[in-house]
*Asks:* 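After the structure tokens below, expect a handful of questions from me.
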Amino acid sequence: MKTIFDEVKINKLKVKNRIIRSATWEGMAPEDGSFPEELFNVYHELAKGGVGTIITGFTSVADEDQYFNGITRLSNDKQIPSNRKVIEMVHGEDVRIISQLALGGYYKIFYDGSIDLVEPDRMSTDDIKLVINQFKDAAIRAMQAGFDGVQIHGAHHFFLSRFISPVYNHRADEYGKDVFGRMKILKDIYLAISEVAPSLHISMKINCSDFILGGLTEDESMMICEEMAKLGIDSIEVSGNGTSRGGIRVGVNEAYFGEFAASLAERVDTPIILVGGHRSIENMEKVLNSTKIEMLSISRPLIREPGLINRWKSGDSRPATCVSCNACYNTPNHKCIFVLRGME
Ligand SMILES: Cc1cc2nc3c(=O)[nH]c(=O)nc-3n(C[C@H](O)[C@H](O)[C@H](O)COP(=O)(O)O)c2cc1C
């Protein structure tokens, strides 16, 4: 019988339970991409709240990446000290921490000094190699700072997700043509990181489907996951486009990407993490015991209740109080609107 509180080891990562805080962009970082004190406090609350692992919010690998505001970065050695401080605090609470390495968009600097967003079709091979190196260098910084692992963000229509999607990538070279060409960038990034940072747990987050006409299908996503598993990736977090669905009802529509994740877990030996709509211990343990899925990750419920896992551990097993309203996407620093209004 698996429980959410089992101590587990998933490829280089020994954790005190099966619950991960999935990457959540708090939007608090200053322009230089470092961790400000206020964000440190958010992580402190999370680390004290009982999760076994924290995946950081979207951490850009590029200085020029202006896809959205307040993102942390590992694009420069100057960002290492503030990351190290957070990691030491998190480790002090017996929690593991993974940096989510991401690129919102590829912003190319042209000869005249202008910067423009360049989509996959317009990128030269040198541009692609530059991006691969940016991921590699960010992983080296993550290792130097003391992270337990890195997660390659290949989901939610950010740069890598667009690159592997047939809607955005119409390239006719080795980085396009078919699903194997489109995914070559993921392979190259994984291989580059595993060579320079072999001690890190390397994970990948991916859409099980783009859920749009002509987008990445479940069949293609499955092929990509199987290829990455063959290469030796340490874990795969299954998500999907439109990741934060509204209207989640306990026992009705929790774990909404579960079907894909369950069949993937049957087909590969790689540990599978499932995100999206976990709200009750009952349903989470049903997922764990009816499939080979190893880990479950949670975002919005921990915005409302950072101490949710400790609450459950103490015996108060009522479901998460998060109502999946998605107001947290628009509130200052992505705080829960109910908490902001004193309605905890
Ligand atoms: C405010 C907010 C910010 C998010 N930022 C990220 C992010 O930086 N990277 C990422 O992969 N997913 C991000 N997500 C998506 C979550 O990690 C998760 O996949 C999604 O919310 C579904 O899980 P949940 O039902 O537990 O919230 C974010 C979600 C929210 C609500």
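Count residues from 1 along the sequence. One-based numbering, in listed order, for ligands and for the atoms of each.
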*Asks:* Under 3.5 Å between any N/O of G57 and any N/O of ligand 1: does that happen in this structure?
*Replies:* no

*Asks:* Is it the case that atom CD in E259 sees more than 12 heavy atoms from other parts of the structure closer than 6.0 Å?
*Replies:* no

*Asks:* State if R279 counts as touching ligand 1 under the rule of any non-hydrogen atom under 4.0 Å.
*Replies:* yes

*Asks:* Less than 4.0 Å between a side-chain N and a carboxylate O, is that true for E227 and K184?
*Replies:* no

*Asks:* Taking all heavy atoms of S203 and all of I273, pick out the closest pair and write down the distance.
*Replies:* OG-CD1, 4.2 Å

*Asks:* Before giving the answer on side-chain hydrogen bond (donor to acceptor under 3.5 Å, both in side chains), spell out for N76 and R141 the whole-Å C-alpha distance, their side-chain angles and the decisive distance to 0.1 Å.
*Replies:* CA-CA 8 Å; N76 194 302; R141 292 185 192 104; 6.0 Å; no

*Asks:* Would you mind checking if E45 and K335 are paired as a salt bridge, meaning a charged N to carboxylate O distance below 4.0 Å?
*Replies:* no

*Asks:* Which of the numbered atoms in ligand 1 are under 4.0 angstrom from any heavy atom belonging to P301?
*Replies:* 26 (O)

*Asks:* Just to confirm my output: which protein heavy-atom neighbour is closest to atom 29 (C) of ligand 1, and how far is it?
*Replies:* Y329 OH, 3.1 Å

*Asks:* Give the numbers and elements of all ligand 1 atoms closer than 4.0 Å to a heavy atom of Y256.
*Replies:* 22 (C), 25 (O)

*Asks:* Indicate, as side chain, backbone, both or neither, the part of H153 found under 4.0 angstrom from ligand 1 when only non-hydrogen atoms are considered.
*Replies:* side chain

*Asks:* Between I303 and ligand 1, does any nitrogen or oxygen pair lie at a separation below 3.5 Å?
*Replies:* no

*Asks:* If I compare all heavy atoms of V268 with all of A229, which pair ends up nearest, and what's the gap?
*Replies:* CG1-CB, 3.6 Å

*Asks:* Assess A155 for proximity to ligand 1: is some non-hydrogen atom of it under 4.0 Å away?
*Replies:* no

*Asks:* Looking only at protein heavy atoms, which one is nearest to atom 27 (O) of ligand 1, and how far off is it?
*Replies:* R300 NE, 2.6 Å

*Asks:* Which ligand 1 atoms, with their elements, are less than 4.0 angstrom from a heavy-atom of G277?
*Replies:* 24 (P), 25 (O)

*Asks:* Would you call R182-E220 a salt bridge at under 4.0 Å N-O?
*Replies:* yes

*Asks:* What atoms of ligand 1 come within less than 4.0 Å of a heavy atom belonging to H156?
*Replies:* 10 (C), 11 (O), 12 (N)

*Asks:* Within the 4.0 Å heavy-atom shell around G276, which atoms of ligand 1 are there?
*Replies:* 22 (C), 23 (O), 25 (O)

*Asks:* What atoms in ligand 1 come closer than 4.0 Å to a heavy atom of S244?
*Replies:* 20 (C), 21 (O), 29 (C)

*Asks:* Specify the closest pair of heavy atoms between H157 and Y67, including all atoms of both residues, with the distance to one decimal.
*Replies:* O-OH, 4.4 Å

*Asks:* I'd like to know whether CD of Q66 has more than 12 heavy-atom contacts from other residues, nucleotides or ligands below 6.0 angstrom.
*Replies:* yes

*Asks:* Nearest protein heavy-atom contact for atom 19 (O) of ligand 1: which residue, which atom, what distance?
*Replies:* T243 OG1, 2.8 Å

*Asks:* Quick one: does F68 get within less than 4.0 Å of ligand 1, heavy atoms only?
*Replies:* no

*Asks:* At what distance is the nearest protein heavy atom to atom 26 (O) of ligand 1, and which residue and atom is it?
*Replies:* S299 N, 2.9 Å

*Asks:* For atom 7 (C) of ligand 1, what is the nearest protein heavy atom, given as residue, atom name and distance?
*Replies:* A23 O, 3.5 Å

*Asks:* I need the atoms of ligand 1 closer than 4.0 Å to a non-hydrogen atom of W25, numbered in the order shown.
*Replies:* 3 (C), 4 (C), 5 (N), 6 (C), 7 (C), 8 (O)

*Asks:* Hey, is ligand 1 close enough to Q100 that some N/O pair sits below 3.5 Å?
*Replies:* yes

*Asks:* One thing to verify: whether D127 and K108 come together as a salt bridge, which I'm taking to mean a side-chain N less than 4.0 angstrom from a carboxylate O.
*Replies:* yes

*Asks:* Considering distance alone, does some N or O of I298 sit under 3.5 Å from an N or O of ligand 1?
*Replies:* no

*Asks:* Looking at atom 8 (O) of ligand 1, what's its closest protein heavy atom, distance included?
*Replies:* F58 N, 3.0 Å

*Asks:* Is it the side chain, the backbone, both or neither of C322 that has a heavy atom closer than 4.0 Å to ligand 1?
*Replies:* neither

*Asks:* With heavy atoms of V275 as the reference, note each atom of ligand 1 found under 4.0 Å away.
*Replies:* 18 (C), 19 (O), 23 (O)

*Asks:* Within a 6.0 Å radius of atom NZ on K16, are there more than 12 heavy atoms belonging to other residues, nucleotides or ligands?
*Replies:* yes

*Asks:* More than 12 non-hydrogen atoms from neighbouring residues, nucleotides or ligands closer than 6.0 Å to NZ on K129, yes or no?
*Replies:* yes

*Asks:* With side-chain hydrogen bond (donor to acceptor under 3.5 Å, both in side chains) as the test, would you mind laying out the steps for S114 and D112 before giving the verdict?
*Replies:* CA-CA 6 Å; S114 61; D112 63 358; 2.6 Å; yes

*Asks:* Got an N/O contact under 3.5 Å between H278 and ligand 1?
*Replies:* no

*Asks:* Can you tell whether the side chains of E294 and R18 come within less than 4.0 Å, N to carboxylate O?
*Replies:* yes

